[in-house]
Amino acid sequence: MQKAILFVLVLLVLVSCKSIKNHNEQITKLHDVTYLHEDIDKVYNQLKKHHPKLYQYTSKQVLDFKFDSLKTTIKTPINSREFYKKLAPVVSQIKQGHISLSSANKWYTKRERKELLKRKLEFYALDFEYLENKLWVKSTRAKDSSIVGSEVVKIEDDFISDLIAVYKKRFSSDGYNTTLHDRYVGRHFSNFYYKDKGYIDSLRLTLKNKDSLFVKTFRRIKKKEKPKGKKPDSTKTKKRVKLTSAEKKVNRLAFKKKRKFKRKHGYIKKYNEYTRNFYFVDTDKSTAYMKLRSFTNGNYKRFYKESFARLDSAKTKNLILDLRDNGGGRIAEIDYLYAYLTDKPYKFIEDSEVNSRIPFLKFLMSNTTPNSIKVLSGIFSPIIIVQNLIRTRKHDGKLYYRFRQTKVKAPKPLRFTGNIYVLINGNSFSASSLISTHLKATKRAVFVGEETGGAYNGTVAGIYKIYELPTTKLKIRMGMMQIEAPQKQNPDGYGVMPDIEISPTIIDRNLKKDPEFDWVLKDIKSKR
């Protein structure tokens, strides 16, 4: 029996190694033009099959022409990375922000991954922001912060202006919005660069601080490792104090309390910050600030319950809701939050348009879904199908899926009744745009900042189909459900507009000023 198990394990390892080798050979070799054209057709056919609003912003005639033209431009064999650079700009012409195309990256064996994790490229510790048509070092997670506030002029021999122009064509916002492009390309610049160049051991950056140019090289360095198997030097370390049972209990309770706090606020370890933040701006608690970086992680119900209980107890008059750089997340969370912000019964979303009566089974049976999940999905498919059929209906020749958030709900008893200010920018996308639509349509809040990157009239998201192209191994991700609020604006294709338009400058950043937040405080003060 033991020999049989060992044989199976060895066989799995050999199959895995062969699979990794085949994948890496496949993405690096030159692909025949015929197969590249087939991949283009497969991308377009998948989009036609699963995306319910494919021609919302770009007509079928135009998209047909774009995909056909791409095939005519590919006349010689190219590898997967070069194919990505040609296909991504065409996919972006659909102008649906939740559609994304990933480049084909090298796979590594378990041993290689283990070695890679021991080293890190210093470049990826930098956070960037694109302001005034320039790329700036916004912050760093490394110890050396001397380059923060510097402009990045070149990376190796590539001018930043050229790289930005290329990267902006590889993704899109919802519709005709443009504010997302500057915000998104700066926030995700490192990721775009990796997709473009691949794995790199060192990078040479040309930076500008005030009027002086200087060059800084970033290398792949070893991470600090904790010593293993060595006893601490008694001369350098203090003798461990034995704790009493009572002290151990106190420590356990403190640990549990800290863990609950992190979960409630959505702790983000990489940046050492929280997804949800709340505090009173002034000592009399008349103004409160709530910063929500996303609607993705943590125990949101407990956070909102406690926060709005504090607002009610303090009789707070003004709430600043900061949705800047909030890329979205769970519909359930924004529905729950909105119940604390409205004073009337509401319907949060309409039934979602879909292209199939069994959208969840289609999602689970994608060619990128692990076989184990497919087997489980097959076993439970009768339940999934029945649930999907119950929730799906046909109306005017179109299919619609009903979420729980389509029911009319009452506001929360501890709803906030004071003044609301919402801070938005181009990176306010998806779910943050959806809740902004409700607050804007009902005139419940004053919006300050920039047009949201997500459309006022909704977006195609919900669940996602991820399809891998057979030849180039690129993966395309597409939403499968039209998620929209009952309210609409005309013309379509634009985000939630600010009542007070303010865009930060690099001077604001260097002086650590927040012009949107400052305007709100000034407005509150003027109304007292």
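Computed from a predicted structure; not experimentally measured.
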With the threshold set at 4.0 Å, does a side-chain nitrogen-carboxylate oxygen contact exist between [X] and [Y]?
X: Asp127; Y: Arg187; value: no
X: Asp335; Y: Arg330; value: no
X: Glu306; Y: Arg276; value: no
X: Lys154; Y: Asp158; value: no
X: Glu156; Y: Lys197; value: no
X: Arg119; Y: Asp201; value: no
X: Arg219; Y: Glu122; value: no

Legend entry - Within 45° cone and under 6.0 Å: Lys216 NZ/CZ vs Phe218 ring: yes
Answer with yes or no whether the side chains of [Y] and [X] bring together a donor and an acceptor at under 3.5 Å.
X: Asn79; Y: Thr28; answer: no
X: Asn318; Y: Tyr421; answer: no
X: Asp508; Y: Thr505; answer: yes
X: Glu450; Y: Ser503; answer: yes
X: Ser294; Y: Asn326; answer: no
X: Thr459; Y: His98; answer: yes
X: Tyr456; Y: Asp492; answer: no
X: Tyr271; Y: Arg293; answer: no

Inset, instruction - Apply side-chain contact (heavy atoms from CB on, under 4.5 Å) to the pair Thr452 and Thr437, showing each step before the final yes or no. - result: CA-CA 10 Å; Thr452 61; Thr437 295; over 6 Å; no
Legend entry - Any pair counted as ring pair (Phe, Tyr, Trp, His ring centres under 6.0 Å), so long as it reaches residues 500-528, sequence neighbours left out: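 Qualifying pairs: Tyr289-Phe517.
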Over 12 non-hydrogen atoms of neighbours within 6.0 angstrom of [atom1] in [X]:
X: Lys260; atom1: NZ; result: no
X: Lys317; atom1: NZ; result: no
X: Lys71; atom1: NZ; result: yes
X: Lys95; atom1: NZ; result: yes

Inset, instruction - Only counting residues at least two apart or in another chain, list the ones meeting salt bridge (charged side-chain N to carboxylate O under 4.0 Å, His left out) with Glu129. - result: Arg183, Arg509
Inset, instruction - Give a yes or no answer on whether the side chain of Asn24 reaches the backbone of Trp107 with a donor-acceptor pair at less than 3.5 Å. - result: yes
Inset, instruction - Just say parallel, tilted or perpendicular for the rings of His265 and Phe303, cut-offs at 30° and 60°. - result: perpendicular
Using the ring centroid of each side chain, check whether [X] and [Y] are separated by less than 6.0 Å.
X: His31; Y: Phe83; value: no
X: Tyr57; Y: Tyr55; value: no
X: Phe416; Y: Phe308; value: no
X: Phe171; Y: His181; value: yes

Are the side chains of [Y] and [X] in contact, using a 4.5 Å heavy-atom criterion?
X: Lys222; Y: Lys118; answer: no
X: Leu203; Y: Tyr193; answer: yes
X: Glu484; Y: Asn457; answer: no
X: Ser103; Y: Tyr194; answer: no
X: Pro470; Y: Lys42; answer: yes
X: Ile74; Y: Lys86; answer: yes

Under the rule for ring pair (Phe, Tyr, Trp, His ring centres under 6.0 Å), what residues qualify as partners of [X], not counting sequence neighbours?
X: Phe128; result: Phe123, Phe189
X: His51; result: none
X: Tyr267; result: Tyr274
X: Tyr84; result: none

Legend entry - Qualifying residue, where the test is ring pair (Phe, Tyr, Trp, His ring centres under 6.0 Å) with Tyr167 and the options are Tyr184, Phe192, Tyr130: Phe192
Legend entry - For the student: nearest non-hydrogen atoms of Val422 and Ser436, plus distance: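 In terms of heavy atoms, the two residues are closest at CG1-OG, 4.5 Å.
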Legend entry - Closest contact, heavy atoms only, Gly329 versus Ala431: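 Heavy-atom minimum between the residues: N-CB, 3.5 Å.
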